[in-house]
Asks: 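The following block contains the structure, expressed as structure tokens.
Proteins get letters first, then strands, A, B, ... in listed order; numbering begins at 1 in each.
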Amino acid sequence: MARRAKARASIHFFANPGRFLRAARIAYPWCAGVAGVCIAAGLVLGLYLVPADYRQGDAYRIMFVHVPSAWMAMFIYVGMAVASAAGFIWRHPLADVVAKASAPVGAAFTFIALLSGSLWGQPMWGTWWVWDARLTSMLVLFFLYLGYIALQNAFEDPTKGARAGAILALVGVINIPIVKFSVDWWNTLHQPATISKVDTPSMHASMIAPLLLMVVGFTAYYFMVLILRVRGEIAARRIRNLRLAQAGH
Amino acid sequence: MTELAQGARFAAENLACIRGERPVFSGLDFTLESGGALLLHGPNGSGKSSLLRILAGFLQPVDGRLTWNGAALGEAPEAHRERLHYVGHLDAVKPTLTVAENLRFWARSRGHPQAADDALARLGLDALADVPGRFLSAGQRRRAALARLFATPAPLWLLDEPTVTLDAEATARLEGIVRAHRAAGGMVVVATHTEIGLEEATRIDMGEHSVSVEAAVGASADDSPGDADDEPW
Amino acid sequence: MTELAQGARFAAENLACIRGERPVFSGLDFTLESGGALLLHGPNGSGKSSLLRILAGFLQPVDGRLTWNGAALGEAPEAHRERLHYVGHLDAVKPTLTVAENLRFWARSRGHPQAADDALARLGLDALADVPGRFLSAGQRRRAALARLFATPAPLWLLDEPTVTLDAEATARLEGIVRAHRAAGGMVVVATHTEIGLEEATRIDMGEHSVSVEAAVGASADDSPGDADDEPW
Amino acid sequence: MVRAFLGILGRDLKLAVRGGIGSLVAVVFFVIAASLFPLGVGPELNLLARIAPGVIWVCALFATMLSLDRLFQEDYEDGNLELLALGPLPLELVVLAKVLAYWLTTGLPLIIAAPILAVLLNMSLSGFTILLVSLLLGTPILSLIGSVGAALTVGLRRGGVLISLLVLPLYVPILIFGVGAVDGAIVGLSVRAYLFVLAGGLLGALVLAPVASAAALRMALE
Amino acid sequence: MVRAFLGILGRDLKLAVRGGIGSLVAVVFFVIAASLFPLGVGPELNLLARIAPGVIWVCALFATMLSLDRLFQEDYEDGNLELLALGPLPLELVVLAKVLAYWLTTGLPLIIAAPILAVLLNMSLSGFTILLVSLLLGTPILSLIGSVGAALTVGLRRGGVLISLLVLPLYVPILIFGVGAVDGAIVGLSVRAYLFVLAGGLLGALVLAPVASAAALRMALE
Ligand code: HEM
Ligand SMILES: Nc1ncnc2c1ncn2[C@@H]1O[C@H](COP(=O)(O)OP(=O)(O)OP(=O)(O)O)[C@@H](O)[C@H]1O
Ligand SMILES: Nc1ncnc2c1ncn2[C@@H]1O[C@H](COP(=O)(O)OP(=O)(O)OP(=O)(O)O)[C@@H](O)[C@H]1O
Ligand SMILES: [Mg+2]
Ligand SMILES: [Mg+2]
């Protein structure tokens, strides 16, 4: 019996979520608060207080959602790859759970960037979609996210799903710059789209404040959701353990 | 068969195994010397197949260590792979290759191509040598899987319920084969539910090592709410 | 279990079977009455599984006839399907469905949804009811396959090596289950290599009916060239 | 009978749901495949608009075909097909239930995703409705014909690819009428005739395909 | 080591040959799929010529992908993969041998069939050589990247379709450079840069893909 107890203790020695949960408990209200305040302030500033653009009218205000979500989409994928690398090398469950919990958030931001860009495109270019280099690589990123999520879901055993996902995320992260590079090249060598490319409007100083607020807010929101999802994941694992233990023999 | 290392020692200390996030067994020790045999038995789901997969190196034990002549296995996984034969629940017989072709592939990959014909004869498969795997009955396919044991000499045999679907004659042949292997200094680990003629085998009842339900559930139920965070993932 | 037809009679006359263009057995007869049991044994490849597939209606015998209460089976294949349970070498357990879901599907499709829970208990699977099929060990999966016997009452059970991978306890359960089935008027045909507690069973040694390779090859070699045209295809 | 039919349908849908996003993969493949075309053909919107109906239909066809091998193969390998064949439902209806579940999890999502692709490929708005209608009539035919191919190859290890070989030639008429309807609608012609042919094809396939598939499955179980 | 490598290669080729026409299905799919396009897009020769390189490359991509699930799945299910993992050859080299056999039976036939399709699609003659060279460099990369997808999904029942979702986004650069080379050659530009990139990709994939695949396979065997 003593031996069994020892085995139990050492089996789980390195896999203890306690520290994470305690830290998360402190961080969560801060993240939630910063996200709420920054996003609210950014939206008020961006949608009401900043003057309309002289060329684009009010349509350009989509930027305050579009640009931060596009940045988050890329940032989260890199974060996922880093977490996956850590999870793969050290086999630490927390890294796996973080990667897994990030994916749907990243996919959602990618989707928002695509959708908002598309909505913006209609007034600006007169079409919902062009096969521009940046748009195309964003679309590919979206597919990579979907593949990752699908792969993880396909495994009955979540630890295996996490490791399979880690391999895919690492392969994918090598591929992203290659896709970006090739798509850039593709679009410049074919004759450019009938409608001229995104002309980056030089930014007025008044636009920078709401943009920054939104970026900070989105990042805080991401961490907030991450904490929630990791907690949920930990709880789910516990339930599974109990249920399986109950089912044993 | 004299090529087998004499005086080898394969030992496990305090092994523990988790599958699908659920502990299966823990605190398992054994020592196996040249010529020795280990007989695993125990109820369904007690972890016999899991243990064999750990011994073959497919699964990592979550705790404990495995040594060969005192050296931990993890240090030289290739060396370990070369000294074992594993026959699991699956037969690994290709349906479109003939029995002889199936076997020859394995014999050749370890550099003993001439071993294949001999192996067929030993399991009473000579008449089926040119039959494609797809046409075999359950027991014939099992024999073809067991014939791989002769593809190359290896000191450690890991057999997961080897007699399943074998008829009496083939079971007797297998017993003779294992006896000869041990006499030549080989070791064998066999999981089985039926009686199999293994003289002087160490018996392990996996049921005794399995992590009981009560222990697992009870432990977490006892925790005070504040401690819940320190539970395993 | 009193629903089973009493006084039924299942008979085979002069059955012959060819698989993969090779004759397997011929001249096989048997008669099975309510409460009776047929035990098929014989060496690997002698045709036990093939016979069971013929009795289930998957394979057509090349010769001979099968009757139920005197009526040829071929005349009402649906009626025959409804009166039998077949447990073959494959376990038919879906990896993503839980054990209970797996079973409930079969129970429901024949209109006995309430039978599922009872069936789990009888095979000692209650604790595994909510575990997905893919987490089962070999023996646990076999138990789940056998639990289907209770999904709906059927007078004729066809069991192909049912005890394979079962532990002693589950084997004893199965013996009890088969005994109760026969006591209620059911019939059972079991192929097996191990001893199984079947009282007063008719034993058929498939080896005696098998068409030996030599006989088959010899027969055609003996024919004078002129007669070759009269040979079967 | 009805209960057994619904039982199989329900089980297959449940298995698809348990497969997670995995079972939505047909539609994801559809979207990805169609977005690869601009990468191959170039980003000019006029050119894309011109080939859009064809690309969408061809990709719908591949997407339906791609998971056909899972239609019977799993059930065959794990022994479920044997038991379904022994069950109370005639094998023809078993096939129909399985094809219906298959269409609900592969064909229907395609139809929902088709407008997105039409936007991506810059297809003319006037073709959208007929695109959906033609897919609604056409994809069930694809599934039904596909089931025959799947049943014929079920015992073969290498079935997956062989199916496409058997099935693609049979898909040609559906492709032609499907694309014809959309092209017609874009140009402003009447497309009734096309749609009638598709509807007729659907009825024919509903009757014939399950019979052929069931015969093939019986053979595989020998 | 060499003998074990050749042994696996030889066995896989033998299995492919035993599979009969079944193993040539990739190329047949390639031809049928590419010939469906004129049916979908309409018979105008100019239009076809313009999209020909893209269509050929996209179809080559699908054809390679289509039988990927057979790369490891069979060996996994019948237990051969376990034994290969226990064999003397490191799993990375086992993967390489299997991918090589796979490419010889799917990629190479595509390259042989490609000129026929180019003729069918009215592609400009000046692109033929570069089409072949780009396929010769590109299809092995497709097979290698594909092996990672195949290895990741090997234990999953529904692998076949999931692979395409995992692998298609990774195929984008190869498609772009492959088509770019052919388009460039038709227009008369220098295509060196494209081919160098493809060659570099091939080297990179040769090193990285087997490592990733072997890691995934080890996991599947746990
Ligand atoms: C579906 C369509 C669109 C997608 C997928 C998309 C994608 C992106 C991405 C990925 C970025 C971040 C680029 C980086 O930081 O490297 C971005 C930034 C930006 N996008 Fe879009 N976009 C779309 C449509 C539009 C439209 C229609 C406009 C306005 C005409 C627009 C204007 C901008 C601006 C101003 C930025 C920030 C400037 C910069 O970082 O370069 N986008 N978009
Ligand atoms: N699918 C098949 N196609 C062709 N021949 C087959 C097939 N299955 C089995 N056979 C052959 O038919 C004969 C009888 O096989 P069967 O499976 O009935 O034997 P069995 O008595 O059940 O053997 P076992 O005890 O090994 O299960 C064998 O010689 C076998 O080679
Ligand atoms: N792939 C898997 N994933 C998760 N859990 C598994 C897996 N395989 C087996 N298990 C679980 O691990 C436990 C031990 O299984 P194992 O196969 O080792 O048992 P066994 O002793 O070989 O049983 P049997 O006599 O039935 O073959 C069982 O409770 C089983 O449910
Ligand atoms: Mg076992
Ligand atoms: Mg048998």
Asks: Check each atom of D/Leu6 against the heavy atoms of chain C and say whether the ones under 4.5 Å are side chain, backbone, both or neither.
Replies: neither

Asks: Can you tell me how the ring of C/Trp68 sits relative to the ring of C/Phe10, calling it parallel under 30°, perpendicular over 60° and tilted otherwise?
Replies: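 Ring orientation of C/Trp68 relative to C/Phe10: tilted.
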
Asks: Can you label the angle between the C/His181 ring and the C/Trp157 ring as parallel, tilted or perpendicular, going by 30° and 60°?
Replies: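 Because their plane-to-plane angle is under 30°, the rings of C/His181 and C/Trp157 count as parallel.
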
Asks: Give the member of C/Arg108, C/His80, C/Glu101, C/Arg104 that has the highest number of heavy-atom pairs under 4.5 Å with chain D.
Replies: C/Glu101

Asks: Tell me, side chain or backbone of C/Leu84 under 4.5 Å from chain D's heavy atoms, or both, or neither?
Replies: side chain

Asks: Could you check whether D/Ser213 and D/Ser147, counting side-chain N and O atoms only, form a donor-acceptor pair closer than 3.5 Å?
Replies: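 Yes, because at least one side-chain N or O of D/Ser147 sits under 3.5 Å from a partner of the opposite role on D/Ser213.
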
Asks: Name the option with the most non-hydrogen atom pairs under 4.5 Å to chain D; the candidates are C/Leu97, C/Leu59, C/Ile54.
Replies: C/Leu97

Asks: Can you say whether C/Val93 sits under 4.5 Å from chain D via the side chain, the backbone, both, or neither, judging by heavy atoms?
Replies: backbone

Asks: Salt-bridge test for D/Glu92 and D/Arg218: reply yes if a basic N is under 4.0 Å from a carboxylate O, no otherwise.
Replies: yes

Asks: Check whether any side-chain N or O of D/Asp12 sits under 3.5 Å from a backbone N or O of D/Ala101 as a donor-acceptor pair, and report yes or no.
Replies: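 Such a contact is absent between D/Asp12 side chain and D/Ala101 backbone.
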
Asks: Need one label for D/Leu89: side chain, backbone, both or neither, based on atoms under 4.5 Å from any heavy atom in chain C.
Replies: backbone

Asks: Which bit of C/Tyr86 comes within less than 4.5 Å of chain D, counting heavy atoms only: side chain, backbone, both or neither?
Replies: both

Asks: Is any NZ, NE, NH1 or NH2 atom of the basic residue among C/Lys94 and D/Asp78 found under 4.0 Å from an Asp or Glu carboxylate oxygen of the other?
Replies: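 So C/Lys94 pairs with D/Asp78 through a salt bridge.
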
